[in-house]
Each structure stands twice: as structure tokens, then as C-alpha cells.
Protein chains: 2
Amino acid sequence: MLRDERHQRIIDMLDSNRIVSVSEIKANLQVTDMTIRRDLKALEEKGLLTRVHGGAKGNKEYYSQELSHGEKQQMNIDEKRYIAQLAAARIEENDTVFLGPGTTNEFIYDYINVSQARIVTNSIPVFLRFMNDPRFELLIVGGRYREKTNAIVGTFANEMLQQIKVNKAFIGTNRIHEHHITNLNEEEGVLQKIILENASEKYILADHTKFAQEAFYIFYDVRNVDAIITDQLIDPEIKAFYEKITTVIN
Amino acid sequence: MLRDERHQRIIDMLDSNRIVSVSEIKANLQVTDMTIRRDLKALEEKGLLTRVHGGAKGNKEYYSQELSHGEKQQMNIDEKRYIAQLAAARIEENDTVFLGPGTTNEFIYDYINVSQARIVTNSIPVFLRFMNDPRFELLIVGGRYREKTNAIVGTFANEMLQQIKVNKAFIGTNRIHEHHITNLNEEEGVLQKIILENASEKYILADHTKFAQEAFYIFYDVRNVDAIITDQLIDPEIKAFYEKITTVIN
DNA sequence: TACATTTAGGACAAAATCGAACAAAAATAG
DNA sequence: CTATTTTTGTTCGATTTTGTCCTAAATGTA
């Protein structure tokens with residue numbers, strides 16, 4: 001890989017990551033630490049980033065136009081990142097992984113730590129995250145684009161997914177109520193059901209605010225999933241309830 | 001291979017990759033490193049690319065207007081826009097249209113003038129162009145993402161397209177030689193053949209530099225398409241030749 | 001604090017790339 | 001056809017880049 005290409009990629013990584021470690025870059029670009037340090041040094045001299053021990057952080061304005069604490073809280077960004085981290089830790093070398101729509105699944109990219117994997121998704125934002133990273137073979141589900149969730153749905157999508165077996169599926173959900181995993185939209189629910197049925201390991205991602213809410217379109221039963229991945233703010237009682245029927249990771 | 005053709009091919013490569021290495025070009029064009037270095041030197045002097053150790057990167061950003069006249073000329077931006085305009089004029093209300101990969105097809109978005117249509121594509125950049133425009137129902141072809149051309153290809157893609165009938169298909173091509181429409185890549189050629197066979201009206205988009213060049217992967221016969229859409233710089237003899245076997249729009 | 005682990009960077013070696021000079025081949029002119 | 005010009009290939013030393021090794025500094029941990 002050419003030096004300029006590496007430089008570009010490092011900048012790309014900093015676009016979505018605000019801080020990257022030498023080892024992350026190393027896994028990504030398949031060169032020695034020393035080369036990366038030299039790259040970082042050069043990029044720092046150009047004023048494109050600031051080196052820190054173990055890596056580098058970006059110094060673009062848009063990193064500072066970060067969300068306010070209140071906004072973050074509103075969207076549960078921290079919780080979602082926490083969940084994404086737990087989910088990413090489940091992904092192993094050469095896995096074939098399905099990632100559904102949702103911010104949490106988008107964040108998984110930031111924490112995934114393998115040198116090779118196959119990613120299947122019906123989410124455009126997820127796809128765009130992984131798009132330019134050579135570690136991943138990317139499969140996008142075909143079908144109709146649904147603007148509301150930036151996801152691909154419909155008959156074509158369902159048919160394609162019926163033919164795909166994945167090691168692990170990570171599905172974000174709108175609501176979990178008793179045994180019911182639900183989605184606000186039927187089409188997306190149908191699709192998620194299909195992929196869950198074709199996945200060896202089924203994970204449901206849901207931050208603590210998703211529990212004990214009313215159900216809309218029920219697409220799956222909690223008892224059939226391998227684990228619910230959630231954050232630490234989950235109500236202990238709710239956690240206890242779900243621990244009786246499946247695994248809860250948080 | 002002629003020098004001008006090599007130059008064009010190098011520019012083509014930079015059209016889809018932001019950086020190319022000498023060895024990549026070498027593998028593609030089957031000439032010595034030295035010749036490529038000389039080519040790169042010449043192209044750099046024309047302002048069409050920037051050499052870096054081991055290769056060259058493009059000066060493009062063809063979406064921005066920042067290109068000089070000379071640069072635009074080499075990439076045939078004006079011609080591509082002209083062709084896109086002619087193609088867009090063919091699209092009518094409520095059409096179902098397939099748009100393949102390529103800059104020309106991306107430009108179609110800028111000229112399309114309908115209040116409702118269904119767009120089918122296997123090109124990520126095309127998809128992203130149309131994505132947030134409520135006038136269009138968008139279908140994306142599923143399958144494996146091919147980074148080189150930002151397109152979706154492979155078995156899934158082929159299977160899905162086999163089930164889709166479109167009114168009009170617009171296919172950009174790498175080269176047209178005699179009766180042969182060719183592509184540099186077999187997978188993409190196969191896919192384009194499938195969609196052409198399922199399209200009521202078949203249009204080939206090719207700027208004037210694409211004619212009378214050597215063939216790579218032949219995927220279709222010119223005599224079976226409804227029209228070739230090209231620009232006004234096409235050689236009159238070549239135009240006359242193709243007018244005998246199909247329609248030429250320019 | 002002391003000790004282990006990780007990260008940094010200098011120094012040198014290895015590998016890749018570059019480009020000048022010349023030879024070979026191809027194209028063009030006469 | 002031969003002579004001339006242009007283009008491409010080859011060789012080889014210079015340059016640049018990358019990897020390896022090793023020591024120092026920083027960080028983590030008991």
C-alpha cells in the first residue's frame with residue numbers, strides 16, 4: 001500500500017473516530033508500527049492531526065462541534081457506544097456477521113477488532129461505515145430503500161436474506177416487552193425475523209430505555225435469542241427477569 | 001498499446017480509485033515500469049494527476065467545479081454531463097429505470113426532470129445521489145461490494161436482476177469496439193448483460209474516447225441496443241458506422 | 001516505590017522505487 | 001526498401017521507503 005493511500009486512510013479513520021491507536025491503524029493497514037509512527041509524524045507536521053501516546057487524535061473543527069451532554073443523553077450515545085463495544089467484542093476473525101439498522105450497529109465499526117470478516121447489512125449508514133476498509137468483505141442486501149430508517153427492505157431483501165446464513169446477527173430493536181422483541185415497522189420486523197432464523201448466534205442490542213415499552217410489530221421471542229446486549233443503566237429487576245430466560249450482557 | 005490509450009486508461013483508473021500504484025497500472029496495461037513512469041510524468045505535467053512515490057493520485061474531485069479546463073477535458077467531464085443530459089431526457093414519468101455504475105450515470109440525477117420514477121441501481125454513488133429525493137422510489141441491487149468501481153456485483157446481484165424488468169436501462173461502458181460492448185471486469189459485464197436483457201429500452205452511454213478501442217470482456221452486441229448516447233466529438237466515420245446498425249444520439 | 005508492559009524513536013539493513021543512459025523495437029518518412 | 005525519428009525496454013546505481021532491532025521513555029500495576 002502506498003504511503004499516500006495510508007495517509008488518506010488514517011485521516012479517514014479520524015473522520016469517524018476522533019482518536020485512533022497505532023494498533024488499530026496497524027490492523028487496518030497491515031504495516032509495521034514504525035511505519036505508522038512515521039506516517040503520523042508526517043501528518044502531524046502537516047497539521048492534520050495531533051499525536052498522543054499510543055496513537056493520534058484529529059484536530060479538525062468538526063470534532064469539537066461534538067454533541068452537547070444533553071443531546072448525548074437524549075440519544076443515549078454513551079450507552080450505545082458501550083453496547084457497540086460489547087457487541088464488537090463478540091466478533092471474531094473470519095466471522096460472517098449481519099448488522100441491522102441503527103446507530104448502535106453503526107458504532108460497532110469503531111470497536112471491531114479483526115483483520116478479516118464478512119459483513120452483511122441492510123443499513124446504508126452501516127454499509128458506508130465499512131465501505132472503504134479492506135479488512136471487510138461487504139454484502140449489501142438488495143431491495144427497496146426505506147428513507148425513514150435508511151434501511152433496505154421488501155421482498156427482494158427478504159428473498160436474499162433467506163439464502164444467507166451468518167455466524168452472528170446483531171439486531172437493534174425498538175422495544176422489548178416481556179417476551180416480545182418488537183419493531184415499529186412491519187417490513188423491517190419481517191426482515192429481522194428472517195435473518196435471526198438464519199443466524200447461528202442471535203444478539204439483540206437494546207439500551208436500557210428500550211425495555212418495558214409497549215409492543216408494536218412483534219417479530220421475535222426473547223427466549224430464542226442467544227443474548228441481549230444492553231448497558232449498565234438497565235433496571236436490576238428487568239435484568240433479573242431476562243436473565244431467567246436468556247443471557248444478558250452488560 | 002498506444003501511448004494515448006495508456007494515458008486514458010490511467011486516467012480511467014484514477015477515476016475510480018483515488019490513488020493507483022505503478023504496479024497496479026503495470027498489471028493492467030502490460031508495459032514496463034519505466035514506460036508507466038514516463039506516462040505519469042507526462043500526465044503530471046498536464047496537471048491531470050500528482051505523482052507520489054510508487055504511483056500517482058488523481059487531482060479530481062469531479063463534483064467540484066475546481067477543475068481547470070484542461071483537466072475537465074481529459075476526463076471528459078463536459079462530455080459526460082452532455083451525455084447525462086441526453087439520457088435524462090429519455091426518462092419519463094413513472095418509468096422504472098436501471099442506472100449502472102459510472103460518472104455519467106451519476107450526472108443523470110442533475111438533469112432528470114420527472115416528478116415520480118423508480119430507480120434501480122447497483123452503483124453506490126448513483127444510489128447516494130438519489131437517496132434523499134422523495135420523487136424516487138429506490139431499489140438497490142444486493143450483493144458483494146466491489147470497491148474498485150463502487151458497484152454491487154456477484155451472484156446475489158445477478159439473481160436479483162434476473163427478476164427485475166425495467167423500462168429503460170442506461171449502461172456506461174468502458175469501450176466499444178466494432179459490434180462489441182466491453183467492460184474491464186467480467187463480473188460487471190455479466191451483470192450488465194443481464195439487466196440489458198431485461199430492459200425494454202437499452203441505452204449505452206459512451207463518450208467519444210470510448211470508441212474504437214481494444215476489447216476486454218465483451219458483454220453485449222451493439223446491434224441489440226436501442227441507442228448509443230454519446231457526445232458531439234465523436235468521429236463522423238465512427239458515428240456513420242454505428243448509425244447503420246443502431247441509433248446514435250448525440 | 002518498584003516492576004512489568006507498552007509505546008517511541010534512533011540506527012541500520014532490506015526492499016522497493018526512481019531515473020539516467022543506452023539498446024532495442026516500432027513507427028514514420030523518403 | 002533504407003534511413004530517421006519516436007517510443008519502449010533494459011540495466012544499474014542512487015534514492016526513498018519500509019522493516020528490524022534495540023534502548024529509552026511512558027504507562028500500568030502491585
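Numbered from 1 within each chain, the chains take letters A, B, ... in sequence-line order. Note: hydrogens, waters and symmetry copies are ignored here, and every other heavy atom, side chains too, is used.
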Visitor: The criterion is salt bridge (Lys or Arg N to Asp or Glu O under 4.0 Å); which residues satisfy it with Asp231(B), sequence neighbours excluded?
Guide: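 Asp231(B) satisfies salt bridge (Lys or Arg N to Asp or Glu O under 4.0 Å) with no residue once adjacent residues are dropped.
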
Visitor: Which whole-number value in Å describes the distance from Arg51(B) CZ to dT16(D) P?
Guide: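 Those two atoms, CZ and P, are 13 Å apart.
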
Visitor: Under 4.0 Å from any heavy atom of chain B: name the first and the last nucleotide of DNA chain C that qualifies, 5' to 3'.
Guide: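 Nucleotide range in contact with chain B: dT17(C) to dA20(C).
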
Visitor: Could you work out, with side-chain contact (heavy atoms from CB on, under 4.5 Å) as the rule, every residue matching Lys26(B), not counting sequence neighbours?
Guide: Asp33(B), Ile36(B)

Visitor: Please tabulate the protein-to-nucleotide N/O contacts below 3.5 Å involving nucleotides 9-11 of chain D, giving atom names and distances.
Guide:
| residue | atom | partner | partner atom | Å |
| --- | --- | --- | --- | --- |
| dG9(D) | OP2 | Thr32(B) | N | 3.3 |
| dG9(D) | OP2 | Thr32(B) | OG1 | 2.6 |
| dG9(D) | OP2 | Thr35(B) | OG1 | 2.4 |
| dG9(D) | O5' | Thr32(B) | OG1 | 3.0 |
| dG9(D) | N7 | Arg38(B) | NH2 | 2.6 |
| dG9(D) | O6 | Arg38(B) | NH1 | 3.3 |

Visitor: For Arg6(A), check salt bridge (Lys or Arg N to Asp or Glu O under 4.0 Å) against everything at least two apart and list the hits.
Guide: Asp39(A)

Visitor: Applying salt bridge (Lys or Arg N to Asp or Glu O under 4.0 Å), name anything that partners Asp221(B), two or more places apart in sequence or on another chain.
Guide: Arg223(B)

Visitor: Within this structure, what is the CG-to-C1' distance between Asp4(B) and dT7(D), rounded to whole angstrom?
Guide: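 In whole Å, dT7(D) C1' and Asp4(B) CG are 12 Å from each other.
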
Visitor: Would you kindly say whether Gln192(B) and Asn183(B) are connected by a side-chain donor-acceptor distance under 3.5 Å?
Guide: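 Distance-only check passes for Gln192(B) and Asn183(B).
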
Visitor: For Ser23(B) and Ser21(B), test the side chains for any donor-to-acceptor distance below 3.5 angstrom and give the result as yes or no.
Guide: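 Ser21(B) and Ser23(B) do have a side-chain donor-acceptor pair below 3.5 Å.
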
Visitor: If only atom types and distance count, is the side chain of Thr173(A) paired as donor or acceptor with the main-chain N or O of Ala206(A) below 3.5 Å?
Guide: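 It does not hold such a pair.
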
Visitor: Starting from P on dT17(D), measure out to CE on Met1(A) and report it in whole angstrom.
Guide: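 The answer, rounded to whole Å, is 17 Å.
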
Visitor: Can you name the residues that form a ring-ring contact (aromatic ring centres under 6.0 Å, His included) with Phe107(A), not counting sequence neighbours?
Guide: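 Phe107(A): no ring-ring contact (aromatic ring centres under 6.0 Å, His included) contacts found.
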
Visitor: Would you say Thr149(B) and Glu188(B) are linked by a side-chain donor-acceptor pair, where the criterion is simply a distance under 3.5 Å?
Guide: yes

Visitor: Among residues at least two apart in sequence or on other chains, which ones pass ring-ring contact (aromatic ring centres under 6.0 Å, His included) with Tyr82(A)?
Guide: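 Checked Tyr82(A) against ring-ring contact (aromatic ring centres under 6.0 Å, His included); zero matches.
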
Visitor: For residues 92-104 of chain A, which residue pairs pass the salt bridge (Lys or Arg N to Asp or Glu O under 4.0 Å) check, not counting sequence neighbours?
Guide: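 Pairs touching residues 92-104 of chain A that pass the test: Glu92(A)-Lys168(A), Asp95(A)-Lys168(A).
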
Visitor: Angle between the two end axes of the helix from dT1(C)-dA30(D) to dG30(C)-dC1(D), five base pairs per end, rounded to 10 degrees?
Guide: 40°

Visitor: Can you confirm whether the side chains of Lys239(B) and Asn250(B) place a donor and an acceptor under 3.5 Å from each other?
Guide: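 Judged by distance alone, the side chains do pair up.
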
Visitor: Give every pair of a protein N or O atom and an N or O atom of nucleotides 26-30 of chain D that lie under 3.5 Å apart, one pair per line with the distance.
Guide:
none

Visitor: Under the rule for ring-ring contact (aromatic ring centres under 6.0 Å, His included), what residues qualify as partners of Tyr220(B), not counting sequence neighbours?
Guide: none

Visitor: Rounded to the Å, how far apart are Asp33(A) CG and dC21(D) C1'?
Guide: 13 Å

Visitor: Quick one: Leu40(B) CG to dT8(D) P, roughly how many Å, whole number?
Guide: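 To the nearest whole Å, that distance equals 13 Å.
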
Visitor: Measure CZ/Arg6(A) against C1'/dT16(D) and give the value in whole Å, please.
Guide: 12 Å

Visitor: Of Leu2(B) and Gly54(B), whose closest DNA chain C nucleotide lies nearer the 5' terminus?
Guide: Gly54(B)

Visitor: Can you check the Arg37(B) CZ to dT7(D) P distance for me, whole Å?
Guide: 19 Å

